[in-house]
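Scope of the values below: all heavy atoms of this structure, side chains included, with no hydrogens, waters or symmetry mates. What you see is a predicted model, and the numbers here were worked out from it, not measured in a lab.
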Amino acid sequence: MKDLVLAKTRLSGVLTSVERRALAQAMVEDVLAVLSSHQHITRITLVSDDPGASMLAQKYGADCWTESSLGCRGLNPLIQCASERLLAAGEEPLVVLHGDLPLLTREDIDLVLASQQALNGLIVGCDSKGMGTNLLAFNAASTPRFCFGADSCAAHIAGAKNTGVAVQILQRSGIGLDVDEAPDLQCIMDELHVNTASNTAQLLYNTELGARVTLALTAMMGDTESGGADLIDEVKRGIAS
């Protein structure tokens with residue numbers, strides 16, 4: 001989890017810095033809530049230097065490791081170091097996922113775990129555009145070379161094939177829809193009615209903030225004319241499970 005003060009800067013045209021922090025925390029809590037309530041998840045480790053991360057982890061029964069305690073910097077080295085430490089302790093299989101997946105469900109995790117067990121390899125949960133990676137599931141023998149960033153889905157798949165590791169792509173809306181830009185947030189807003197008890201829904205569904213965000217998104221999409229609408233349609237098609 002990135003320091004929440006620095007989170008979601010690409011949404012600055014829609015949300016203030018305080019609101020962006022609130023949204024980022026709500027989404028992380030939704031992910032932690034799914035993981036902590038899942039019967040087959042035995043340990044959760046939150047990696048973050050955010051000042052409130054330890055309290056957040058404690059709320060959901062998770063461990064919290066600071067980035068500084070891992071002795072490295074950058075997303076990929078941090079994930080590699082954390083994974084190596086967990087695998088050395090016999091914790092496998094591992095599921096690595098980002099904290100901005102507000103539509104994640106228990107059924108998504110069910111499928112991830114079942115798929116990894118059946119494949120005995122690497123599961124790549126791609127984003128809604130099929131380019132980024134939002135989730136990886138693997139055991140010690142199929143640990144990938146982590147390459148989160150541009151076109152990471154293809155890079156993770158290529159890396160697995162190059163080392164003879166069985167690999168499978170998993171596309172589901174709960175895994176695929178992360179929130180980076182305004183069209184992503186629009187798609188989230190459209191789905192909040194499915195689970196109004198979620199932290200993200202409590203923040204944005206039928207609230208004053210939600211109404212203002214809807215107006216801002218409508219104006220923003222209107223400014224881009226048909227291009228904005230086409231992009232939203234493309235994203236929605238991409239997350240069909």
Donor-acceptor contact present, side-chain [X] to main-chain [Y], <3.5 Å:
| X | Y | answer |
| --- | --- | --- |
| Asn139 | Pro93 | no |
| Ser36 | Ala33 | yes |
| Arg20 | Leu11 | no |
| Ser83 | Gln80 | no |
| Thr133 | Cys153 | yes |
| Gln116 | Gly121 | yes |
| Ser198 | Ala201 | yes |
| Asp50 | Leu4 | yes |
| Gln171 | Gly176 | no |

Practice prompt. Only counting residues at least two apart or in another chain, list the ones meeting ring-ring contact (aromatic ring centres under 6.0 Å, His included) with Phe146.
Written response: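 Once residues adjacent in sequence are excluded, the partners of Phe146 under the ring-ring contact (aromatic ring centres under 6.0 Å, His included) criterion are Phe138.
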Practice prompt. Give the C-alpha distance, both sets of side-chain angles, the deciding distance and a yes or no for side-chain contact (heavy atoms from CB on, under 4.5 Å) between Leu136 and Leu122.
Written response: CA-CA 7 Å; Leu136 293 170; Leu122 175 66; 4.0 Å; yes
Discussion item. If you apply the rule side-chain contact (heavy atoms from CB on, under 4.5 Å), what do you find for Leu204 with Met189, and how did you get there?
Written reply: CA-CA 7 Å; Leu204 295 175; Met189 297 288 289; 3.7 Å; yes
Item to complete: Just do the side-chain contact (heavy atoms from CB on, under 4.5 Å) check on Asp49 and Thr66 with the steps written out, would you?
Response: CA-CA 5 Å; Asp49 270 350; Thr66 62; 3.3 Å; yes
To the nearest 0.5 Å, how far apart are [atom1] in [X] and [atom2] in [Y]?
| X | Y | atom1 | atom2 | value |
| --- | --- | --- | --- | --- |
| Leu70 | Leu78 | CG | CG | 6.0 Å |
| Leu203 | Met27 | CG | CE | 9.5 Å |
| Ser69 | Arg85 | OG | CZ | 5.5 Å |
| Ile44 | Leu35 | CD1 | CG | 5.0 Å |
| Lys161 | His156 | NZ | NE2 | 14.5 Å |
| Ile79 | Glu84 | CD1 | CD | 12.0 Å |

Worksheet item: Is it true that the side chains of Thr105 and Asp108 contain a donor and an acceptor less than 3.5 Å apart?
Response: yes
Quick one: closest heavy-atom pair of [X] and [Y], and the distance?
| X | Y | answer |
| --- | --- | --- |
| Ala53 | Leu46 | O-CD2, 3.7 Å |
| Ile175 | Leu101 | O-CD2, 3.4 Å |
| Ser142 | Val165 | CB-CG1, 3.5 Å |

Single-linkage hydrophobic cluster, 4.5 Å side-chain cutoff, [X] and [Y] together:
| X | Y | value |
| --- | --- | --- |
| Val28 | Tyr205 | no |
| Leu97 | Leu111 | yes |
| Val96 | Leu56 | no |
| Leu23 | Leu104 | no |
| Val31 | Leu113 | yes |

In the structure I gave you, are the side-chain heavy atoms of [X] and [Y] within less than 4.5 Å of one another anywhere?
| X | Y | result |
| --- | --- | --- |
| Asp3 | Pro51 | yes |
| Arg212 | Glu19 | yes |
| Met131 | Cys126 | no |
| Leu217 | Thr214 | no |
| Pro102 | Val179 | yes |

Practice prompt. Before giving the answer on side-chain contact (heavy atoms from CB on, under 4.5 Å), spell out for Val47 and Met1 the whole-Å C-alpha distance, their side-chain angles and the decisive distance to 0.1 Å.
Written response: CA-CA 6 Å; Val47 178; Met1 183 181 77; over 6 Å; no
Practice prompt. Please identify each residue that fulfils side chain to side chain donor-acceptor pair (under 3.5 Å) with Asp30, with sequence neighbours left out.
Written response: Asn199, Thr200
Practice prompt. Scan Gln39, His40, His38 and name whichever one has a side-chain hydrogen bond (donor to acceptor under 3.5 Å, both in side chains) with Asp110.
Written response: His38
Worksheet item: Listed by chain and number, what are the salt bridge (Lys or Arg N to Asp or Glu O under 4.0 Å) partners of Lys59, not counting sequence neighbours?
Response: Glu29
Discussion item. Tell me every residue that passes salt bridge (Lys or Arg N to Asp or Glu O under 4.0 Å) with Asp180, counting only those two or more places apart in sequence or in another chain.
Written reply: Lys8, Arg10
Fill in: Enclosure of Ile169 CD1 (heavy-atom neighbours >12, cutoff 6.0 Å)
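No, because the 6.0 Å sphere around CD1 of Ile169 holds 12 heavy atoms or fewer from other groups.
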Worksheet item: So does Arg145 have more than 12 non-hydrogen atoms from other groups sitting under 6.0 Å from CZ?
Response: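 It does not: Arg145 CZ has 12 such atoms or fewer within range.
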Discussion item. Any salt bridge linking Glu67 with Lys2? Criterion: basic side-chain nitrogen under 4.0 Å from a carboxylate oxygen.
Written reply: no
Fill in: Note: Asp151-Lys129 ion pair, threshold 4.0 Å (strictly below)
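So Asp151 does not pair with Lys129 through a salt bridge.
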Worksheet item: Mind checking what makes side-chain contact (heavy atoms from CB on, under 4.5 Å) contact with Gln168, not counting sequence neighbours?
Response: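 Ser115, Leu119, Ile123, Leu170.
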Fill in: Non-neighbouring partners of Leu86 that pass side-chain contact (heavy atoms from CB on, under 4.5 Å), sequence neighbours left out
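Leu86 satisfies side-chain contact (heavy atoms from CB on, under 4.5 Å) with Arg43, Thr45, Trp65, Glu91, Leu94 only.
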